[in-house]
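Heads up: the structure comes next, in structure tokens.
The structure displayed is predicted, hence computed values, not measured ones. Both counts, for ligands and for their atoms, begin at 1 and track the order of listing. Heads up: numbering here begins at 1 and tracks the sequence.
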Amino acid sequence: MNRIVATGMAVPACVVDNHLLARCMDTSDAWIVQRTGIRERRVSPDTYRMLQGLAEAADKPAFMRAVFDRGLGETIDSTLMVSDLALEAAEMALKNAGLTAEEVDCIVASSTIPDYAYPHTGCVLQGKLGLTSTPAISLQQGCAGFLYALAIADQMMRGGMYRQTLVVGAELISTIFDYTDRGRDMAVLFADGAGAAVLRAEPGPRGVLSSHLHTDGTVMDSLAGEVWGTSTYPPVSRRKIDEDRSRPRMQGRQVFVQAVRRFKEVVRECLAANALGVNDIDRFIFHQANLRILEAVGDALQIPADRLYNNVDRYGNTAAASVPIALHEAVTQGLVREGDLVLLAAFGTGFSWGATLIRW
Ligand code: COA
């Protein structure tokens with residue numbers, strides 16, 4: 001079996017509460033808390049500096065347009081990259097596993113927005129770990145990214161290809177949103193962070209029991225970002241910005257309904273595959289999209305509230321980082337103990353969704 005022997009996480013130091021967002025756009029702490037359960041989130045220093053400027057700006061749309069056109073002024077280079085957060089989380093997981101980076105056989109990472117068009121996030125992370133030949137794989141799987149990365153790592157290890165894998169979900173997604181009224185539906189939800197896990201092949205009953213993955217690309221437009229991408233030529237153009245196609249877009253209601261439906265389906269699928277019921281599971285660690293989604297799924301499946309981990313109030317939706325951050329916190333807080341059955345599940349852009357059952 002392949003067992004998660006250690007976890008790690010990293011979040012930027014900059015905390016953005018709902019009140020700061022309310023100074024940038026037409027929203028309120030009450031609206032955000034009631035609809036999402038989010039009270040604060042962590043963002044990159046660049047996003048934070050931009051938000052402080054936006055909060056003070058008299059003409060907010062003009063300020064935001066200027067940021068998208070010219071960056072933050074003196075530079076357009078980020079002071080923090082997604083690979084930096086991935087590195088911090090990875091180093092913590094390696095330290096907790098008592099391993100050096102050289103002892104890892106493979107890296108599988110996922111981030112919705114990479115540092116560069118190419119090479120990919122896992123490769124940049126691999127280089128920052130000082131490795132020169134360890135294979136690195138990257139996914140761009142959105143909020144389900146960590147579950148996909150974990151399943152791929154697990155399957156490669158089951159096949160005997162590797163013995164020890166570093167699995168990472170990392171995001172610096174706050175950098176793409178429009179924090180004025182135009183982008184408020186998404187801007188209040190998403191935030192930055194990273195989580196990592198070391199997966200090791202070991203004899204015995206502990207480890208990943210099964211993974212269940214799904215995608216429905218026919219509805220991709222419900223939650224999509226053309227921030228850059230080969231969907232246009234050139235990837236980022238003046239015309240794309242002028243036609244308002246450079247911003248991420250989301251049909252909130254549809255995403256909500258689909259998320260609840262797919263979470264329920266895949267959790268049931270995972271339980272059925274292992275001939276288990278909800279009451280057999282010690283801890284449910286779901287993607288932290290939104291408290292209302294978690295509660296709706298929890299109610300429908302009759303999951304006892306104290307078994308459903310949630311930290312969305314402190315971090316918001318950190319996409320691919322959300323499951324490994326929640327897992328790391330739950331483990332650190334002693335909420336996941338040896339022998340426990342832990343069910344991970346996630347849903348995101350694509351739509352892509354999945355569930356994984358682990359005997360801890
Ligand atoms: N602050 C205040 N008002 C906002 C807002 C914000 N940040 N964002 C959107 N609104 C407005 C909308 O413009 C709309 O206004 P209108 O009625 O004048 O058109 C109104 O709020 C919509 O309100 P309501 O119908 O009560 O919203 P909702 O209950 O559907 O909640 C979401 C909106 C986005 C919170 C909800 O749809 C949701 O959680 N969707 C899932 C999003 C998600 O989790 N995505 C990631 C999945 S990985």
Side-chain angles (χ1 to χ4, degrees), residues 16-41 51 54-55 60 64 110-113 139-148 169 171 173-174 176-193 214-217 219-225 247-264 266 285-299 310-313 315-326 344-355:
V16 172
D17 64 15
N18 295 340
H19 301 287
L20 175 55
L21 294 181
R23 290 173 57 212
C24 298
M25 64 184 84
D26 183 12
T27 192
S28 66
D29 178 54
W31 194 96
I32 299 171
V33 171
Q34 199 234 326
R35 303 294 197 296
T36 73
I38 302 168
R39 293 180 185 276
E40 61 183 39
R41 73 281 289 143
L51 286 172
L54 183 61
K60 296 185 194 306
M64 198 71 234
S110 189
S111 68
T112 309
I113 318 282
L139 310 176
Q140 208 178 337
Q141 202 72 33
C143 301
F146 184 79
L147 287 197
Y148 271 70
E171 302 286 2
I173 200 167
S174 73
I176 65 169
F177 296 108
D178 181 334
Y179 287 88
T180 66
D181 295 354
R182 282 196 329 164
R184 65 181 180 170
D185 58 332
M186 297 187 79
V188 302
L189 301 177
F190 292 94
D192 305 331
H214 298 278
T215 295
D216 180 359
V219 284
M220 57 143 286
D221 235 19
S222 309
L223 185 56
R247 291 186 305 125
R249 55 181 183 270
M250 178 180 80
Q251 289 163 21
R253 279 284 169 91
Q254 194 193 346
V255 173
F256 191 100
V257 170
Q258 288 300 317
V260 173
R261 174 183 160 207
R262 298 308 196 178
F263 263 117
K264 284 190 302 194
V266 80
I285 303 206
F286 290 172
H287 167 50
Q288 305 286 303
N290 175 322
L291 188 59
R292 280 198 313 171
I293 292 176
L294 292 179
E295 286 174 348
V297 177
D299 285 350
N310 106 66
N311 61 11
V312 73
D313 56 326
Y315 300 126
N317 180 344
T318 58
S322 125
V323 168
I325 287 176
L344 313 179
F347 171 94
T349 181
F351 299 126
S352 283
W353 63 101

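Protein heavy atoms come within 4.0 Å of atom 8 (N) of ligand 1. Put simply, atom 17 (O) of ligand 1 has no protein non-hydrogen atoms near it, under 4.0 Å away. Of the protein's heavy atoms, at least one falls inside 4.0 Å of atom 27 (O) of ligand 1. Counting protein heavy atoms under 4.0 angstrom from atom 14 (C) of ligand 1 gives zero.
Of all protein heavy atoms, the one lying nearest to atom 24 (P) of ligand 1 is R253 NH2, 3.6 Å. Protein heavy atom closest to atom 47 (C) of ligand 1, with residue, atom name and distance, is V255 CG1, 3.6 Å. Of the protein's non-hydrogen atoms, M250 SD, 3.5 Å is the one closest to atom 45 (N) of ligand 1. At the top of the distance list for atom 35 (C) of ligand 1, counting protein heavy atoms only, stands R35 CB, 3.8 Å. Looking only at heavy atoms of the protein, atom 29 (O) of ligand 1 is closest to R292 NH2, 3.1 Å. Atom 12 (C) of ligand 1 has as its closest protein heavy atom R184 NH2, 3.7 Å. Ranking protein heavy atoms by distance to atom 41 (C) of ligand 1, first place goes to G252 O, 3.5 Å.
Ring planes of F351 and F347: tilted class, angle from 30 to 60°.
With a 4.0 Å cut-off on non-hydrogen atoms, H287 touches ligand 1 through its side chain and not its backbone. Contacts with ligand 1 closer than 4.0 Å are made by side-chain heavy atoms of I293 only, the backbone lying farther away.
Residues Q141 and S110 bring no donor and acceptor atom of their side chains to less than 3.5 Å of each other.
The atoms of ligand 1 that sit less than 4.0 Å from any heavy atom of F190 are 46 (C). Each of the atoms 48 (S) of ligand 1 lies under 4.0 Å from some heavy atom of C143. Atoms of ligand 1 found under 4.0 Å from any heavy atom of F347 (numbered from 1 in listed order, with element): 48 (S). Atoms of ligand 1 lying under 4.0 Å from at least one heavy atom of D26, given by number and element, are 1 (N), 2 (C). Counting the atoms of ligand 1 from 1 in the order shown, those under 4.0 Å from a heavy atom of A289 are 44 (O). Each of the following atoms of ligand 1 lies closer than 4.0 Å to a heavy atom of V188: 7 (N).
Heavy-atom distances between A259 and ligand 1 stay at or above 4.0 Å for every pair.
Judged by distance alone, with hydrogens and angles left aside, the side-chain atoms of K264 form no donor-acceptor pair with the main-chain N or O of A296 at under 3.5 Å. Here the side chain of D313 pairs no donor or acceptor atom with the backbone of I38 at under 3.5 angstrom. A donor-acceptor pair is defined here as one N or O able to donate and one able to accept, closer than 3.5 Å; no such pair exists between the side chain of Q251 and the backbone of S222. Remark: side-chain polar atoms of S322 are not paired, donor with acceptor, to backbone N or O of H287 under 3.5 angstrom. Without hydrogens or angle criteria, Q288 side chain to N311 main chain gives a donor-acceptor distance under 3.5 Å. Between the D26 side chain and the D181 main chain, no donor and acceptor come within less than 3.5 Å of each other.
Of the polar atoms of N290, at least one N or O is found under 3.5 Å from an N or O of ligand 1, judged by distance alone. For T36, no nitrogen or oxygen atom sits less than 3.5 Å from a nitrogen or oxygen atom of ligand 1, counting backbone and side chain alike.
Looking at Q258 and V219, their side chains never come closer than 4.5 Å, going by heavy atoms from C-beta outward. Residues M25 and K60 have side chains not in contact (no heavy-atom distance under 4.5 Å, counting atoms from C-beta outward).
When the options W31, W353, F351 are ranked by their closest heavy atom to atom 21 (O) of ligand 1, first place goes to W31. Counting only non-hydrogen atoms, the option in N317, V257, L291, T27 that gets closest to atom 6 (C) of ligand 1 is T27.
Tested against F286 for a side chain to side chain contact (heavy atoms under 4.5 Å, CB included), the candidates L294, L344, V323, N310 yield a single pass: L294. In summary, of the residues considered (T318, L189, L291, T36), a side chain to side chain contact (heavy atoms under 4.5 Å, CB included) with V312 occurs for L291 alone.
Considering every non-hydrogen atom in both T112 and A319, the closest pair reads OG1-CB, 3.9 Å.
Counting heavy-atom neighbours within 6.0 Å of R39 CZ, excluding the residue itself, gives a total of 12 or less.
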